[in-house]
Amino acid sequence: MTREEQAVPGPVHRNAWFPGRLIGGVALVIGPIVWFAGLLLRHLILRSGTFTSEQLARFGEQPFAAPAQLAAYVRDPSLVTAGYAVFCAGAVLLCPAIITLARVVATRCPALASWGAGLFVLGLFSRLYFTGVEQTLFQLTERLGLDQTTGVATDLYVDISYGPWLVPVLCSAGAYPGTLLLAVGAYRSGTFGLVRCLLVFGWGTLWGGVLKESLLFDVVGAGLACLVLVPLGVQVLRDRLPDVRTWTERADRVPPRLLSW
C-alpha cells in the first residue's frame, strides 16, 4: 500500500453530535420529570404535617430557610434526603438535556445557543456543590445536634454557600443570563413559541444556594417546563426533528408568531 493510499480517510459520520439522539432524547424526557419530582419532595418537607402552624410561622420569620430545612431533616431524614437526592439527580440529567436543546437551537441561532447553554450548564454544576454542603450540614446534625449545627450554618452561611473564590455562586448566577439567551434563541430559531420560551425562562431562573425552600410556585414552574421539554425529547427519540435527524436533510422552520405556543 502506498503512502497516498494510507492517507485516504475512512468514512465519516457527518451528522454525529454530542450527546446524541438517544442520550439527548432520554435526558430531555427524564431530566425535567426528575427535577420536578425533587422540587415536589422538597416542597413537602415542611408541609407533611411534621410541624405545627406556630413552628412554621417561626421558620417564616427567619432570614434564611436553613433552620427550617435542618429541623425538617431531624424530624424526617428519609423524606429530606430523598428530596435533595432526587433534585440533585435532576440537575445531573438536565446537563445533556440542555445540550441537546442547544443543538436544536444552534442550527439557526448558534451564538445564542452556545452562550445560553454554556452558562445554564455552569449553573447546573453549581448545584452539585450546594448538594455537597447540604449533605455535610445534615450529617452534622447527627453529630453536633440541631441547635449547634443551625448556629454553624447561620454564622457561616455566606462563606459556605458562596464557595471558595466565589466559583460556585458565580456559576450559579450564570444560569440566569444563560436561560434568557437560550429562551431567546429558541424563539428566534422557531424551536418554541413565545409561551414555551417564557415557561423555559421562568423555570431556569430557579433559586440557587444552600438549603433553599421549594415553594409551590417553583413546583408549578417545573411542572410546566415538563410540558415544554418532554415532548421535545420524544421528538428527538423518534427522529422527528429535522435539525437532529441522522440521515435526512433538515427542513426550513418558519419563525413563530409573536403570540404562539
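Note: hydrogens, waters and symmetry copies are ignored here, and every other heavy atom, side chains too, is used.
- The closest donor-acceptor contact from the side chain of T154 to the backbone of G151 lies at 3.5 Å or more, if one exists at all.
- A distance of 9.0 Å separates CG of L70 from CG of L140, quoted to the nearest 0.5 Å.
- Summarising the local packing, CD1 of I33 is surrounded by more than 12 heavy atoms from other residues, nucleotides or ligands at distances under 6.0 Å.
- The structure places CZ of F125 at 12.0 Å from CZ of F120, a figure rounded to the nearest 0.5 Å.
- By the neighbour-count criterion of 12 heavy atoms within 6.0 Å, atom OH of Y162 is sparsely surrounded, having that number or fewer from other residues, nucleotides or ligands.
- Here the shortest heavy-atom pairing between F59 and A71 reads CZ-CB, 3.8 Å.
- A donor-acceptor pair under 3.5 Å is formed between the side chain of S214 and the backbone N or O of L39.
- Within the model, atoms CG of D218 and CH2 of W207 stand 6.5 Å from one another, a figure rounded to the nearest 0.5 Å.
- Listed here is the closest heavy atom pair of R21 and D239: CD-OD1, 3.6 Å.
- Nearest heavy atoms, V234 versus V29: N-CG2, 3.8 Å.
- The minimum heavy-atom distance linking A27 with P96 is given by the pair CB-CG, 3.7 Å.
- E134 contributes a side-chain N or O that, together with a main-chain N or O of L211, makes up a donor-acceptor pair within less than 3.5 Å.
- Within the model, atoms CZ of F87 and CG of L40 stand 12.5 Å from one another, a figure rounded to the nearest 0.5 Å.
- Minimum interatomic distance between S189 and C109 (heavy atoms only, all atoms of both residues): N-SG, 3.8 Å.
- Ring centroid separation for the pair Y84 and Y73 does not come in under the 6.0 Å cut-off.
- With Q148 contributing its side chain and G145 its backbone, the two residues share no donor-acceptor pair below 3.5 Å.
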